[in-house]
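Letters A, B, ... are given to chains in the order of the sequence lines, protein chains preceding strands, and every chain is numbered from 1. Fair warning: this is a prediction, and the values are worked out from it, not measured in the lab.
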Amino acid sequence: MSEEIIKTPTNFIREAIKEDTDSNRFNGRVHTRFPPEPNGFLHIGHAKGICISYGLAEEFGGRYNLRFDDTNPVKEEERYVESQMADIRWLGFDWGDNLFYASNYFDQLYEWAVKLIRDGKAYVDDLSPDEIREYRGTLTKPGKNSPYRDRTIEENLDLFTRMRNGEFKEGERVLRAKIDMASGNINLRDPVMYRILFSTHHRTGDKWCIYPMYDWTHGQSDSIEGITHSICDLNYEDHRPLYDWFIEQLGIYHPRQIEYARLNLTYTVLSKRWLLQLVNEGYVSGWDDPRMPTLSGLRRRGYTAQSIKNFCERIGVAKRESMIDIALLEHCIREELNKKAPRVMGVLRPLKVIIDNYPEGVTEELEAINNPEDPSMGTRKIPFSKVLYIEKDDFMEDPPKKYFRLTPGREVRLRYAYFIACTGCVKDPDTGEIIELHCTYDPTTKGGDAPDGRKVKATIHWVSAAHAIEARVRLYDYLFSKENPMDVPEGHDFKEYLNPASLEELTSCRLEPSLKNAVKGTGFQFERLGYFCVDINSTPEMVLFNRTVTLKDTWEKVQKSQNI
RNA sequence: UGGGGUGUCGUCAAGCGGUAAGACACGGGCCUUUGGAGUCCGCAUUCGGAGGUUCGAAUCCUCCCACCCCAGCCA
């Protein structure tokens with residue numbers, strides 16, 4: 001029988017490119033680009049765009065550029081170009097020498113603007129911003145021509161030169177394309193090409209006081225770079241006719257633009273403007289706060305580049321607006337870390353356990369498997385002694401149905417160690433809180449198996465009190481408690497939906513000693529709890545972990561179903 | 001009374017005239033020294049709706065409905 005062929009999931013952009021290479025449309029070339037504006041940090045929505053543009057170029061043996069669309073000096077900063085480059089590299093893409101800036105093309109763009117003026121296709125307008133808006137008309141009513149629309153070419157040339165020379169104030173004049181004020185497509189109602197901005201540009205300094213608009217820059221930049229497929233989001237579908245018009249007037253190379261629906265993720269916002277607000281107003285600790293959907297936040301949270309690329313592959317590419325369940329992102333990181341992360345034992349909320357029949361002052365070294373999914377990762381020794389810590393959750397004095405862990409009189413297994421049975425608990429006389437457990441162990445069960453074939457229903461993790469290191473652990477949850485925080489009714493603010501419990505910091509966690517010198521950024525599975533990674537601010541004196549994601553928790557479901 | 005776009009399972013998403021892939025989520029079984037992982041099973045007689053063409057339609061045609069985007073000297 002023929003072997004199963006696993007088809008790589010296709011999508012309409014891949015098909016479109018294939019059509020073009022098959023028909024030799026661009027002489028068989030495939031050349032894409034990712035064109036971020038350096039006005040914030042890249043987030044997972046950008047990762048989708050990067051994976052599409054760069055991934056497709058790689059797939060077709062083509063090339064890809066990184067171009068910063070830096071046409072608005074008032075919002076852009078050098079630090080953002082640096083962070084964006086670092087994030088793209090981290091994702092695993094290398095643009096080689098193909099690094100560009102739209103600002104590299106300012107001279108060319110200026111010349112082209114002059115050409116349009118000479119051809120009678122552009123004019124300097126003296127209308128104020130408010131007047132321009134009025135003249136533009138509305139969605140259903142056509143606009144009307146500016147009284148300055150019919151200036152002579154000579155006058156336009158003179159005025160535009162003087163704009164460039166700084167003879168006018170900001171907002172006093174603009175250069176506009178002369179297209180059609182009655183067009184159903186508002187982008188074609190004489191769009192502004194240049195505005196006056198006395199602002200220092202992070203690349204060109206004070207060379208210019210007029211800056212090209214994005215719409216006047218983007219298409220020509222792609223053209224200059226010989227881009228074959230300009231992949232962008234749906235927002236720009238309406239702009240395509242304008243880009244076409246510019247390129248046609250200029251008589252230059254014409255790339256093919258293809259639009260896709262950008263990513264939306266449940267329980268988060270993916271808008272640089274809103275993310276900036278969270279950063280600036282202190283709702284998060286910065287762009288790299290582990291709760292942020294930014295690449296730097298996800299990285300700090302413990303997400304790997306590969307898991308994000310896998311995610312981008314799985315969500316597909318289409319033109320319908322969608323909202324991806326964040327559970328899929330979590331699935332992707334669990335999937336990878338399950339295979340790669342070393343297992344380790346750590347107790348987040350410690351409860352002291354004294355093994356009454358275990359000798360005082362003795363330490364045993366027990367062998368533990370580093371990763372059951374990957375035997376090549378070997379084993380390690382962990383210390384065991386009379387006083388231990390277990391998770392508070394792993395003991396209940398009065399357990400509900402289906403609770404398998406430690407309860408008075410019940411026996412459980414300490415992972416890689418012994419069977420223990422609980423003989424009693426000590427409570428705080430004032431609060432009634434359980435502060436200490438007394439247990440006995442069965443010496444014949446060393447390693448975790450009973451020679452008599454006796455079974456236990458649960459295996460719990462633990463740490464030796466005398467050997468454990470103390471650590472801080474940050475537990476993260478969704479930043480928003482509303483599935484779609486972008487759905488904000490009139491008079492409300494998306495920040496009202498911030499999840500007050502998105503961060504919980506635990507301060508006296510006890511971890512197995514091997515973690516003392518764990519390298520920053522590395523991820524571990526804390527057995528039975530989840531995946532955690534060493535924070536960038538961790539030190540050997542004060543170890544700090546971030547919880548990347550929990551393990552799937554069947555018990556939690558059982559509890560929920562019982563509560564219903 | 002404008003222009004552009006989209007409607008297939010709870011969420012994504014294949015399908016391109018031959019009789020609804022897959023993934024996540026969800027429910028259940030098995031297995032288990034992580035209530036983890038793994039594994040097995042179930043999960044759209046139906047593709048926004050109504051007509052039509054055809055031996056045959058999610059795929060073609062017609063009309064209708066719903067939703068999204070556009071009125072920055074932002075990108």
Taking atom [atom1] in both [N] and [M], what distance in whole Å separates the two?
| N | M | atom1 | result |
| --- | --- | --- | --- |
| B:A58 | B:C9 | P | 14 Å |
| B:A50 | B:A57 | P | 14 Å |
| B:U8 | B:A14 | P | 11 Å |
| B:G4 | B:C55 | P | 36 Å |
| B:G52 | B:C12 | C1' | 33 Å |
| B:U19 | B:A23 | C1' | 24 Å |
| B:G2 | B:U11 | C1' | 34 Å |
| B:G51 | B:C69 | C1' | 31 Å |

Taking the side chain of [X] as heavy atoms from C-beta outward, which of [options] is closest to it?
| X | options | result |
| --- | --- | --- |
| A:Thr138 | B:A71, B:A75, B:U34 | B:A71 |
| A:Gln525 | B:U34, B:G4, B:A71 | B:U34 |
| A:Lys319 | B:A71, B:U6, B:A75 | B:U6 |
| A:Leu139 | B:G2, B:G36, B:A75 | B:G2 |
| A:Thr459 | B:C70, B:U34, B:C74 | B:U34 |
| A:Arg320 | B:G36, B:A75, B:U6 | B:U6 |

Does [X] reach a base, just sugar-phosphate, or nothing at all? Heavy atoms under 4.0 Å.
| X | answer |
| --- | --- |
| A:Leu127 | base |
| A:Val74 | nothing |
| A:Tyr211 | nothing |
| A:Pro372 | base |
| A:His218 | nothing |
| A:Arg413 | base |
| A:Val174 | base |
| A:Met213 | sugar-phosphate |
| A:Phe168 | nothing |
| A:Asp215 | nothing |
| A:Ser128 | base |
| A:Ile369 | nothing |

Practice task
Indicate syn or anti for B:G27, taking the glycosidic torsion and treating anything within 90° of 0 as syn.
Solution key: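 Base orientation relative to the sugar is anti.
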
d([atom1], [X]; [atom2], [N]) in whole Å:
| X | N | atom1 | atom2 | value |
| --- | --- | --- | --- | --- |
| A:Ile186 | B:A71 | CD1 | P | 7 Å |
| A:Asp238 | B:C68 | CG | P | 15 Å |
| A:Asp190 | B:A71 | CG | P | 16 Å |
| A:Arg189 | B:G3 | CZ | P | 11 Å |
| A:Met323 | B:C9 | CE | P | 17 Å |
| A:Asn264 | B:C68 | CG | P | 13 Å |
| A:Glu373 | B:U32 | CD | C1' | 11 Å |
| A:Lys402 | B:G35 | NZ | C1' | 11 Å |

For [N], give its Watson-Crick or G-U wobble partner with both distances under 3.5 Å, or none.
| N | result |
| --- | --- |
| B:C60 | B:G52 |
| B:U1 | none |
| B:U6 | B:A66 |
| B:A37 | none |

Handout entry: Exceeds 12 heavy-atom contacts within 6.0 angstrom, atom NZ of A:Lys340
Key =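 At most 12 heavy atoms, drawn from other residues, nucleotides or ligands, come within 6.0 Å of this atom.
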
Handout entry: Enclosure of A:Lys18 NZ (heavy-atom neighbours >12, cutoff 6.0 Å)
Key = no

Please check: side-chain N/O of [X] versus main-chain N/O of [Y], any donor-acceptor pairing under 3.5 Å?
| X | Y | result |
| --- | --- | --- |
| A:Gln84 | A:Glu37 | yes |
| A:Glu527 | A:Ile460 | no |
| A:Asn39 | A:Lys75 | no |

N or O in side chain of [X] less than 4.0 angstrom from [N] OP1/OP2:
| X | N | result |
| --- | --- | --- |
| A:Arg136 | B:G72 | yes |
| A:Thr554 | B:G36 | yes |
| A:Arg195 | B:C74 | yes |

Handout entry: Base B:C16 to side chain A:Glu15, donor-acceptor N/O within 3.5 Å cut-off
Key = yes

Exercise for the section: Would you state whether a donor and an acceptor, one from the side chain of A:Arg405 and one from the base of B:G35, lie under 3.5 Å apart? Expected result: yes

Completion exercise
Contacts of A:Arg415 and A:Ile315 projected onto RNA chain B by closest heavy atom; the upstream (5') one is A:Ile315

Fill in the blank from the handout: Walking RNA chain B from its 5' end, the first of A:Ala318 and A:Glu76 to be reached, judged by nearest nucleotide, is A:Ala318

Problem - With A:Val279, the side chain to side chain contact (heavy atoms under 4.5 Å, CB included) member among A:Trp287, A:Phe41, A:Trp274 - result: A:Trp287

Practice task
Sugar-phosphate atoms are those with a prime plus P, OP1 and OP2; base atoms are the rest. Using that split, label each nucleotide of nucleotides 22-29 of chain B B, S or - for protein heavy atoms under 4.0 Å, 5' to 3'.
Solution key: -SSSSS--

Validation row, ring centre [X] to ring centre [Y] under 6.0 Å:
| X | Y | answer |
| --- | --- | --- |
| A:His201 | A:Phe106 | yes |
| A:Phe545 | A:Phe526 | yes |
| A:Phe384 | A:Trp462 | yes |
| A:Tyr303 | A:Phe311 | no |

Handout entry: Cation-pi geometry met for A:Arg164 and A:Tyr110 (6.0 Å, 45°)
Key =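 Verdict for A:Tyr110: a cation-pi partner in A:Arg164.
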
Practice task
State whether A:Glu391 and A:Arg528 are salt-bridged, where the test is any N-O pair (Lys NZ or Arg NE/NH1/NH2 against Asp/Glu carboxylate O) under 4.0 Å.
Solution key: no

